[in-house]
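Sequential numbering from 1 along the given sequence is applied to the chain's residues. In each ligand, atom 1 is the first atom listed, and ligand 1 is the first ligand listed.
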Amino acid sequence: MPEAPLIYFDNNATTRIDPRVLEAMLPFLGEEYGNPSSGCRLGKRAANAVRHARGQVAALLGCEPGEVVFTSGGTESDNAALASALRLNPRRRHLVTTAVEHHAILKPCEAFAAQGYEVAYVDVDGEGRLDMHEVAHKIKPDTALLSVMAANNETGVLFPLAELAELAREKGIFFHTDAVQAAGKIPLRASAMPVSYMSVSSHKIHGPKGVGALYVNRHTAWSPLLLGGGQEGGRRAGTENVPGIVGFGKAAELALASLETEAVEVAALRDAFERGARERIPGVRVNGGGAPRLPNTSNLAFDGVEAENALLLLERARVCASAGSACTAGSLQPSHVLRAMGCGRERAKASLRFSFSRFNTPAEVGQAVEILSGVIARLRREA
Ligand SMILES: Cc1ncc(COP(=O)(O)O)c(C=O)c1O
């Protein structure tokens with residue numbers, strides 16, 4: 001019997017490459033192999049392709065093309081932004097972030113702490129929301145940087161970017177935002193806010209993996225992490241990942257073109273899924289459900305169930321979801337995000353993330369609710 005098609009509800013981990021993105025990339029994996037820095041005709045065509053992609057990404061971020069620095073992805077963008085802000089302020093030894101950031105922020109913060117920096121982590125409330133007074137309170141005279149994500153990867157909870165950026169401006173410190181999950185899902189107007197740096201990643205928006213960008217505000221200083229050739233205007237050395245950048249550009253163009261309609265359509269899928277789960281399964285709670293959220297993310301707690309076991313059974317039924325963030329999956333540690341929201345270990349370990357995209361359908365939502373209700377009922381029976 002042929003295998004049932006996969007129901008892929010793990011789009012915050014990564015997304016399927018859009019066929020139009022793949023088509024745009026293919027020439028640059030074949031005959032168009034020029035180095036953008038070389039003066040020959042092939043090189044010039046590669047440079048033009050990178051320039052075009054820079055414009056496409058800038059349009060998605062709402063900034064000037066010259067403010068886009070291509071990187072190897074969200075992790076590099078995050079690391080580079082933090083390092084730049086601290087290096088440019090050698091006398092300031094303090095930074096402020098939140099307890100619910102991605103590990104691409106938390107791990108470098110730990111490393112900075114080991115080097116003698118002081119890191120303050122702002123807590124969130126039970127719905128995953130930040131208290132702006134607490135953020136302001138944490139900023140000290142020797143704070144160099146405030147780094148707060150635009151949207152949480154596990155719950156989809158949105159943070160008030162414009163307010164945070166304004167606060168950082170008032171305090172005279174750098175403001176970085178990890179917008180890896182927000183880009184392509186909600187409008188981002190980088191230039192309309194006093195944001196210093198903003199990280200984005202291609203593979204979360206139906207582009208290829210291993211490529212991303214950092215928005216560097218044209219009025220903000222920059223200290224590069226990678227030194228070498230003068231690529232990216234001297235802001236990030238290394239021969240450009242031309243096929244990846246071309247794919248990222250196309251993915252950004254497509255995301256921008258369908259931003260509004262997709263947000264409505266994907267939110268309808270998410271809402272139908274949550275409604276169906278609540279109707280069919282007793283003891284379901286939506287983590288972060290009381291806060292403004294991304295349109296595509298649903299984080300559900302199923303009382304009395306181990307998420308890891310539920311994932312295994314869902315996987316067998318060809319439904320792909322995740323427990324906590326992909327990077328911590330398998331570690332059996334309850335999600336640091338849910339723990340920060342005050343969820344006990346039990347609830348945190350009973351939570352699953354379902355994240356939707358333009359390639360999901362209402363029929364898949366119906367099937368997945370059916371399968372999920374069977375899985376949860378079975379696990380509760382066997383508990
Ligand atoms: C919020 C957030 N930041 C950073 C990253 C890392 O991005 P990348 O996989 O491109 O390194 C992710 C990926 O899961 C993410 O969700």
Side-chain angles (χ1 to χ4, degrees), residues 8-17 21 57 60-61 68-83 97-111 121 124 128 130 147-159 161 164 176-186 188 195 197-215 225-226 236 238 241 244-245 247-249 251-252 255 288 293-299 320-331 335-338 340-341 353-357:
Y8 185 78
F9 286 173
D10 200 13
N11 287 281
N12 284 11
T14 196
T15 54
R16 176 178 158 182
I17 290 197
V21 168
V57 172
L60 181 66
L61 303 188
V68 173
V69 177
F70 287 115
T71 66
S72 66
T75 301
E76 182 191 324
S77 298
D78 284 349
N79 276 261
L82 301 190
T97 187
T98 79
V100 297
E101 297 296 310
H102 190 270
H103 285 109
I105 293 291
L106 295 179
K107 291 288 171 181
C109 282
E110 276 175 30
Y121 298 92
V124 293
L130 278 183
S147 179
V148 178
M149 67 201 326
N152 187 268
N153 46 305
E154 295 191 31
T155 58
V157 170
L158 300 173
F159 288 145
L161 270 200
L164 288 158
H176 165 251
T177 184
D178 175 338
V180 166
Q181 292 293 345
K185 298 174 191 162
I186 56 168
L188 288 172
V195 175
Y197 309 135
M198 180 188 284
S199 306
V200 291
S201 177
S202 153
H203 73 103
K204 309 290 186 181
I205 61 164
H206 305 289
K209 293 167 184 59
V211 58
L214 184 69
Y215 158 80
L225 190 62
L226 297 187
R236 197 272 187 182
N241 169 4
I245 289 171
F248 183 21
R293 280 185 297 164
L294 287 174
N296 83 319
T297 309
S298 181
N299 194 309
C320 197
S322 88
S325 67
C327 312
T328 50
S331 68
S335 142
H336 68 283
V337 174
L338 299 178
M341 288 163 68
R353 179 186 71 187
F354 301 87
S355 42
F356 307 89
S357 84

From H203 NE2 over to T14 OG1, what is the distance, rounded to the nearest 0.5 angstrom? 5.0 Å
Out of all atoms in ligand 1, which are within 4.0 Å of some heavy atom of G74? Include the element for each. 7 (O), 8 (P), 10 (O), 11 (O)
Parallel, tilted or perpendicular, judged at 30° and 60°: which one describes the rings of H176 and Y197? tilted
Flag H102 as yes when one of its N or O atoms lies below 3.5 Å from any N or O atom of ligand 1, and as no otherwise. yes
Element-labelled atoms of ligand 1 that are located less than 4.0 Å from some non-hydrogen atom of G73: 10 (O)
A student comparing K204, M149, Q181 should find that the heavy atom closest to atom 14 (O) of ligand 1 comes from K204
Need the ligand 1 atom indices (1-based, order shown) with element for anything under 4.0 Å from a heavy-atom of N153. 1 (C), 16 (O)
Distance filter under 4.0 Å to D78 heavy atoms, resulting ligand 1 atoms: 3 (N), 4 (C)
Of all the heavy atoms in H203, does at least one lie under 4.0 Å from an atom in ligand 1? yes
Within the structure provided, determine whether K107 and N79 are in side-chain contact (heavy-atom separation under 4.5 Å). no
Less than 3.5 Å apart, any donor N or O on the side chain of N296 or S355 sitting next to an acceptor on the other? no
Carefully, step by step, assess D78 and S199 under the rule side chain to side chain donor-acceptor pair (under 3.5 Å). CA-CA 6 Å; D78 284 349; S199 306; 2.6 Å; yes
Given side chains that start at C-beta, do those of L188 and L60 come closer than 4.5 Å, heavy atoms only? no
Among T14, T75, V180, V100, whose heavy atom sits nearest atom 6 (C) of ligand 1? T75
With the threshold set at under 4.0 angstrom, would you say E76 reaches ligand 1 through any of its heavy atoms? no
Run the numbers for me: atoms of ligand 1, each under 4.0 Å from some heavy atom of S201, listed by number. 8 (P), 10 (O)
Give me the atom names and distance for the closest heavy-atom approach of E101 to H336. O-NE2, 2.8 Å
